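Residue numbers start from 1 in every chain, and the chains themselves are labelled A, B, ... in the order their sequence lines are given, proteins ahead of strands. What you see is a predicted model; the values in this text were computed from it and never measured.
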Amino acid sequence: MYLLAGRTGNGEFLVVPLDSTGLEIAPARRLSFAEFLGEVIAAEEGSPRWVWEDTSRLYPLLLAAGVRVQRGHDLRLCHAILRQSSLTATSDLATAAPSRWDNGLVVLPEEPSPGSTLFDLGFAEDGTAEASSDSDAQAEFRLQLAAVAACAEPGRLRLLLAAESAGALIAAEMQFAGLPWRTEVHDRLLTRELGPRVAPGLRPEKLESLARRIRTELGDPQVNPDSQQDLLRALQRVGLSMSSTRAWELQKLEHPVIAPLLEYKKLARLLSANGWFWMDTWIVNGRFHPEYLPGGVVTGRWATRGGGALQLPKQVRGAVIADDGWKLVVADAAQLEPRILAALSADTAMATAGRGTDLYAGIVASGVVETRDHAKVAMLGAMYGATTGESGRLLPRLARAYPRALALTETAARAGERGETVTTRLGRSSPRPGESWLATQAQAYHPGATDADEGRARSQARDWGRFTRNFIVQGSAAEWALCWMAEIRRELRLLRAPEGTVPGASPVFSDAPHLVFFLHDEVIVHTPTGLVEEVERIVTRAAATAGRHLFGDFPVDFLLTVATVDSYDQAK
DNA sequence: GACAATGGCGCC
DNA sequence: AGGGCGCCATTGTC
């Protein structure tokens with residue numbers, strides 16, 4: 001059963017029961033927020049699928065009121081998928097003129113003040129964004145259902161839309177719950193690395209002394225190590241010929257300035273990216289609440305906004321600490337993308353290499369290459385489109401051992417080079433290249449085309465080929481991860497903490513295990529200690545379930561590394 | 001002063 | 001001739 005929910009311009013909530021084709025089976029009801037909450041709680045008994053425009057705008061209101069839902073259908077996210085998918089290319093939805101569903105729903109980020117994001121994830125005061133009527137949302141939903149029903153493989157898209165929508169619920173819940181974070185531990189860590197905290201704009205002691213050493217070694221008392229131009233000129237003056245100040249370029253050189261400079265860069269990065277200012281900005285009441293953006297990356301991966309949540313450096317993970325009486329279950333899908341590639345291409349040899357073991361080790365054991373590192377470099381090269389270096393040299397051996405897998409990546413690359421799209425396992429298609437790409441290609445076929453024109457077109461075509469080559473693997477991996485998380489969430493909901501559990505600090509989630517972090521192929525569950533083993537079982541079982549959802553009976557293992565820890569840095 | 005581009009680096 | 005991101009400081013431009 002579907003329940004369409006929305007909000008009117010004057011702040012009322014609407015609920016409309018719909019049948020399986022999106023037709024209403026009862027009239028819309030207009031409700032106050034309190035009535036709406038009651039309606040949601042009552043309706044959840046029947047596990048309805050809530051259909052709404054934008055989970056990220058409506059669901060936080062429910063969470064703030066202590067209400068969760070089981071299933072959703074996010075019209076905005078699902079529209080984006082169906083609009084692009086090659087599986088629904090001839091549908092009314094995909095062939096219609098662009099509408100507000102294509103761009104009008106994008107809400108500008110508010111002031112990035114994490115303290116307020118929880119409870120005023122707001123709605124436009126004047127109701128402009130909500131001027132959309134419920135009938136518009138209902139019409140959109142019907143178009144979506146029709147597009148899926150008419151496509152050649154509706155099962156794939158149904159699963160994708162359900163997974164994407166579950167992801168939207170999870171994203172809102174994780175933002176709400178937040179990642180447990182101890183500011184006093186973070187502060188100690190920063191003080192140890194950088195010296196005591198100083199006023200903004202000043203360098204902490206250790207950075208300042210490194211800066212002095214750098215100036216001494218370069219014989220220039222003025223040089224600012226934060227300025228690339230400055231630094232590059234100074235380096236060249238002391239005879240270091242280089243074209244950039246990148247750390248890996250510096251590492252190759254011999255000079256007394258190199259060591260302090262590399263150290264400076266490392267610490268300066270820590271200070272600017274995850275220093276005290278970051279901590280004050282993003283940690284609220286012992287929780288880090290980044291905003292997750294499902295579907296924020298073209299491939300279907302998530303993006304985040306605020307705090308750089310997907311780039312949390314290992315350096316600061318020691319500050320991620322479970323509440324007293326609770327644990328963090330950190331689970332990481334081992335060699336996810338190669339396993340996805342093996343399954344996508346039905347390459348049983350590659351799947352066998354990963355059966356019950358580290359897939360790269362399995363490749364070595366099969367005699368394809370000599371070391372795990374070679375196996376990894378070669379695989380990444382196949383998926384990213386490397387042509388030179390060690391990776392390029394190893395590729396032919398990989399191609400002999402795993403012809404099906406390598407043929408799939410090559411085919412995806414060739415499609416991209418021709419400007420065609422590729423489609424993931426569940427039906428997310430890559431975007432078409434833009435106008436300027438097409439113009440550059442056309443230019444190369446022009447009668448008067450120069451060698452430079454052709455060179456430019458070839459290089460650009462190869463760039464797009466690398467993109468589509470990676471898209472199909474990265475995007476399918478993102479789908480696996482969505483299914484994995486959705487399954488974890490579904491099973492966690494059924495757990496209740498045993499008697500005597502110390503409540504956690506998050507309302508709504510204070511007595512039950514819940515997801516608190518997601519990083520492409522890794523999740524963290526915050527759980528009462530008494531449920532650790534059950535959570536580990538759930539996470540592990542969910543990986544197998546996700547594999548079956550995507551690839552049926554194809555015999556590929558999705559192995560996890562699972563670590564139950566007090567602090568995140570203890571995992572791995 | 002506001003904004004955009006760039007280099008650089010963190011994560012997968 | 002290595003895919004996808006977000007964020008920061010510096011620098012360039014209006």
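The A/T387 side chain lies nearest to C/dG2 when the options are C/dA9, C/dG2, C/dG4. Nearest to the side-chain atoms of A/R301 among the listed nucleotides C/dA9, C/dG4, B/dG7 stands C/dG4. For A/P313, whose side chain is taken as the heavy atoms from C-beta onward, the closest listed nucleotide among C/dA1, C/dC7, B/dC11 is B/dC11. With C/dG6, C/dG2, B/dC12 as the candidates, the nucleotide lying closest to the side chain of A/E522 is B/dC12. Considering only the side chain of A/R462, C/dA1 comes nearest among B/dC9, C/dG3, C/dA1. Proximity note for A/V297 (side chain, C-beta onward) versus B/dC11, C/dT11, C/dC5: the nearest is C/dC5. Comparing C/dA1, B/dC12, C/dC7 against the side chain of A/Q311 picks out C/dC7 as the nearest. You'll find that the side chain of A/L380 is closest to C/dG2, out of C/dG2, C/dT10, B/dG8. Of the candidates C/dA1, C/dG12, C/dC5, C/dG12 carries the atom nearest the A/Q229 side chain, counting heavy atoms from C-beta on.
The backbone N or O of A/T183 lies less than 3.5 Å from no partner atom in the side chain of A/R188, so there is not a single donor-acceptor pair. Using modelled atom types, one side-chain atom of A/S430 and one backbone atom of A/V422 make a donor-acceptor pair closer than 3.5 Å.
Contact between the side-chain N/O atoms of A/S227 and the OP1/OP2 oxygens of C/dT11 is found at a separation under 4.0 Å. OP1 or OP2 of C/dG3 has at least one side-chain nitrogen or oxygen of A/R466 nearer than 4.0 Å. Applying the 4.0 Å criterion to OP1 and OP2 of B/dG8, one finds that A/T245 has a side-chain N or O inside that range. For A/K314, a side-chain nitrogen or oxygen approaches OP1 or OP2 of B/dC12 to under 4.0 Å.
No contact: A/S459 has no heavy atom under 4.0 Å from any strand. Residue A/S244 is in sugar-phosphate contact alone, with no base atom involved, counting any heavy-atom pair closer than 4.0 Å across all strands shown. Across all strands shown, A/N274 has no heavy atoms under 4.0 Å from either base or sugar-phosphate atoms. Residue contacts for A/G306: at a heavy-atom cut-off of 4.0 Å it reaches the sugar-phosphate backbone alone, with no base atom in range. At a threshold of 4.0 angstrom between heavy atoms, the contacts of A/R269 include nucleobase atoms, whether or not backbone atoms are also involved. Using a 4.0 Å heavy-atom criterion, one finds that A/V473 contacts no nucleic acid atom at all. Among the atoms of the strands shown, only primed sugar atoms or phosphate atoms (P, OP1, OP2) are found under 4.0 Å from some heavy atom of A/R317. Residue-level contact check: A/A268 touches neither bases nor backbone, having no heavy atom under 4.0 Å from any strand. Within 4.0 Å of A/G307, counting heavy atoms only, lie sugar-phosphate atoms of the nucleic acid but no base atom.
At a threshold of 4.0 Å, the pair A/D451-A/R456 does not count as salt-bridged, since none of the basic side-chain nitrogens sits closer than that to a carboxylate oxygen. Looking at A/R428 and A/E164, a side-chain N of the basic residue comes within less than 4.0 Å of a carboxylate O on the acidic one, giving a salt bridge. Of the charged side-chain nitrogens involved, at least one lies within less than 4.0 Å of a carboxylate oxygen, so that A/D54 and A/R76 count as a salt-bridged pair.
A stacked arrangement is assigned to A/Y384 and the six-membered base ring of C/dG3, with a centre-to-centre distance below 5.5 Å and an interplanar angle below 30°.
Taking atom CG of A/L262 as the reference point, atom C1' of B/dC9 lies 13 Å away to the nearest angstrom. Atom NE2 of A/H520 and atom P of B/dG10 are 16 Å apart (whole Å). With rounding to whole Å, A/Q460 atom CD is found 17 Å from C/dA1 atom P. Summarising the geometry, the separation between CG on A/D521 and C1' on C/dC5 is reported as 14 Å, rounded to the nearest angstrom. Rounded to whole angstrom, the span from the CG atom of A/L482 across to the C1' atom of B/dC12 amounts to 15 Å. Spacing between atom CG of A/L312 and atom P of C/dC7 amounts to 12 Å, rounded to whole angstrom units. A/E454 has its CD atom 18 Å from the C1' atom of C/dA1, to the nearest Å. When the C1' atom of C/dT11 is taken as reference, atom CG of A/L232 falls 14 Å away, rounded to whole Å.
Rounded to the nearest 0.5 Å, atoms CD (A/E417) and CG (A/D463) are 9.5 Å apart.
Donor-acceptor pairing under 3.5 Å is recorded for the side chains of A/S567 and A/D569.
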